[in-house]
Amino acid sequence: MGATATLVLGLLAGGSGTSQAAASLPCDIYAAAGTPCVAAHSTTRALYASFNGPLYQLKRASDSAVTDVGTLTAGGYADAARQDSFCAGTTCVINVIYDQSPRHNHMPIEPAGTAGPANSGVPADALPVTAGGHQVYGASFSGRMGYRHTAASGVAVDGRPEGMYMVTSGTHVNGLCCFDYGNAEVRIADTGNGHMDAINFGTECWFPPCSGSGPWVQADLENGLFQSDSGYSENPSNTGNSAPFVTALLKNNGQNYFALKDGNAQSGRLTTQYAGPEPSRPGYSPMHQEGSIVLGTGGDNSNGSIGSFFEGVMTSGLPTDAADDAVQANVVSVGYGAPSPVAGGTLNAGSTTSLRATTPGYTDRYVRHQANSAVTSVVSSGSSALDKGDASWIVRRGLANASCVSFESRNYPGDFLRHYDYQLLRQPMDGTAVFRADATFCPQTGKNGQGTSFASYNYPDRFIRHYENKVYIASNGGSNPFDSATSWADDVSWRVSAPWTP
């Protein structure tokens, strides 16, 4: 029995738990199997047992200062308390995700490409989770967020073999291009078939038919998200993986074979969803990888996707199935989980709530989105599931000020309630300072003595108000009809209620 097989049996026998074996973490496992990591990125933990350096760099909004977040111990978990202390009273973004491998393939925020404008960093505190019994933070991507290393060292080029995996989430996805992690072009542009070799995870079905509704682990090989050599799904049982934590894996020998696997990152083994020839279209056999590394966007910076990232690695050489299984067992042993439950119907971060009007005669109406606009509608126990979901909001720490709040759509993860030209809209978080400010609201005692009123962060004399069933930020008197002083105090006061959809 080889060393890798022995390691697999040992990890599987240990089951899932909250501690990680200091002897063998994912990059130790791959190195022992002869396919060392050339990139190892994580905001949650070390991926080598000996690693004791920085995991990521924070940039603070209040003064643009930066600091690094490392591990609590060698081979351990992220020091989230350092982030909490550094970002207290303001907001932070993840400015750089460091490479733990000896190749130093660190990933800064991605600049503009041919298909998308310059990106923003992810909000540093948007994805609190637990790992190994510790509170840590994942990276939550909305549109126009991404990272890139355009001159990577050791990453496969010109048809050489490689493997990669990432731990992501099946609950924060969309069908826009392209939530990728892996090998991309050196120039941020589409340079042709086979010039990418990256894991894609989302609900975009590039080559129909696809089975189920996703999200699927697919191979972004440029100019296509492939589930097989023919492009479309050849596996009717691959209907997607919507688990809260998903292991997504791609490996490619660069010549005539690639494989896709996925698994529940909290339990169980990997499932091979495809293993076979490279795509039959021209340009993919052999591959033409260029050796850049991308996270969160497509190779040309198509950056409309959303997604979650906790950890990921890339290898030199094609990993063995036994090594993949051992890595999955180690991921499961981490015990990834949601943070402690937050009671619904509160303004605590992570709570899901519904906002009910207090104006006499309108107390059966709730803030909900209809298309892209915020309106008030009657919602009751007999309402449709769609209406109930549209009237439910996840409370997040304020995107522009952590002492305030932002409201994320329950039905459209990554979309937030924000004002534009004084009207409230549901729009995808784009990472800009303007969006963050427009989507931040500061709670106060209800102006009519009931519930809560929400002042606009960047227009503090304006409050969330319903007027003729639409929702605005309104002042108490002004030139706009929705600024009318009549019933203003009632219209800007809201009951923070139990959510219609938890």
Side-chain angles (χ1 to χ4, degrees), residues 4 7-8 11-12 14-18 20-21 24-30 33 35 37 39-47 77 127 129-132 136 138-141 162-173 179-182 197-203 214-220 227 235 237-252 258-275 295-296 307-315 318-338:
T4 303
L7 183 59
V8 174
L11 285 166
L12 294 179
S16 63
T18 58
Q20 64 189 42
S24 295
L25 301 188
C27 286
D28 305 310
I29 293 166
Y30 279 132
T35 51
C37 290
H41 302 102
S42 177
T43 62
T44 63
R45 66 166 180 150
L47 299 172
Y77 295 92
L127 191 52
V129 295
T130 58
V136 294
S140 180
F141 289 75
E162 64 182 340
M164 62 203 76
Y165 84 87
M166 69 172 169
V167 176
T168 181
S169 174
T171 64
H172 182 61
V173 295
F179 189 68
D180 289 349
Y181 174 67
D197 186 25
I199 305 164
N200 175 268
F201 193 68
T203 58
W216 304 280
V217 177
Q218 304 179 94
D220 189 345
Q227 294 193 33
N235 180 0
S237 66
N238 181 19
T239 57
N241 192 330
S242 58
F245 298 91
V246 175
T247 306
L249 187 147
L250 163 67
K251 56 186 180 181
N252 193 328
F258 78 103
L260 295 165
K261 302 180 183 182
D262 68 13
N264 187 326
Q266 294 176 302
S267 64
R269 300 173 184 251
L270 295 171
T271 297
T272 299
Q273 302 294 0
Y274 173 80
L295 172 60
S308 304
F309 180 82
F310 303 99
E311 63 179 76
V313 313
M314 301 175 68
T315 69
L318 189 75
T320 64
D321 289 336
D324 294 339
D325 290 341
V327 166
Q328 166 67 357
N330 177 261
V331 168
V332 168
S333 77
V334 168
Y336 275 113

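Please read these numbers as outputs of a predicted model, since none were measured by experiment. One-based numbering along the sequence shown.
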So, Thr203 side chain and Gly214 main chain: donor-acceptor pair closer than 3.5 Å or not? no

Is a donor on one side and an acceptor on the other found under 3.5 Å between the side chain of Gln328 and the backbone of Asn264?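 Yes, Gln328 side chain to Asn264 backbone: donor-acceptor pair under 3.5 Å.
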
Holding to side-chain hydrogen bond (donor to acceptor under 3.5 Å, both in side chains), I want the full list of residues that pass it with Ser42, two or more places apart in sequence or in another chain. Thr44

Less than 4.5 Å apart, any side-chain heavy atom of [X] and any of [Y]?
X	Y	answer
Ser308	Leu127	yes
Val173	Phe179	no
Phe201	Met166	yes
Ile199	Val217	yes
Pro319	Tyr165	no
Phe141	His172	no
Val313	Glu311	no
Val129	Val136	yes

Any chance you could measure [X], atom [atom1], to [Y], atom [atom2], to the nearest 0.5 Å?
X	Y	atom1	atom2	answer
Leu318	Asn252	CG	CG	8.0 Å
Lys251	Thr315	NZ	OG1	9.0 Å
Asp197	Leu250	CG	CG	5.0 Å
Ile29	Asn330	CD1	CG	5.0 Å
Met164	Tyr30	CE	OH	10.0 Å
Gln218	Leu260	CD	CG	8.0 Å

Measure across [X] and [Y] and return the closest heavy-atom pair with its distance rounded to 0.1 Å.
X	Y	result
Asp180	Ala198	CB-CB, 4.2 Å
Val334	Ala131	CG1-CB, 3.6 Å
Ala265	Val167	CB-CG1, 4.0 Å
Thr272	Ala275	CG2-CB, 3.9 Å
Lys261	Asp321	NZ-OD1, 2.8 Å
Thr171	Pro244	CG2-CA, 4.0 Å

Results of ring-ring contact (aromatic ring centres under 6.0 Å, His included) for Phe245 - residues two or more places apart only: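 Applying ring-ring contact (aromatic ring centres under 6.0 Å, His included) to Phe245 gives Phe310, Tyr336.
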
Is there a side chain to side chain contact (heavy atoms under 4.5 Å, CB included) between Phe309 and His41 once you walk through the steps? CA-CA 9 Å; Phe309 180 82; His41 302 102; 4.1 Å; yes

Under a 4.0 Å threshold between the charged nitrogen and the carboxylate oxygen, would Arg269 count as salt-bridged to Asp324? no

Thr130: side-chain contact (heavy atoms from CB on, under 4.5 Å) partners, not counting sequence neighbours: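 Counting only residues at least two positions away or on another chain, Thr130 forms no side-chain contact (heavy atoms from CB on, under 4.5 Å).
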
Between Gln227 and Asn235, do the side chains contain a donor N or O and an acceptor N or O under 3.5 Å apart?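 Short answer, no.
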
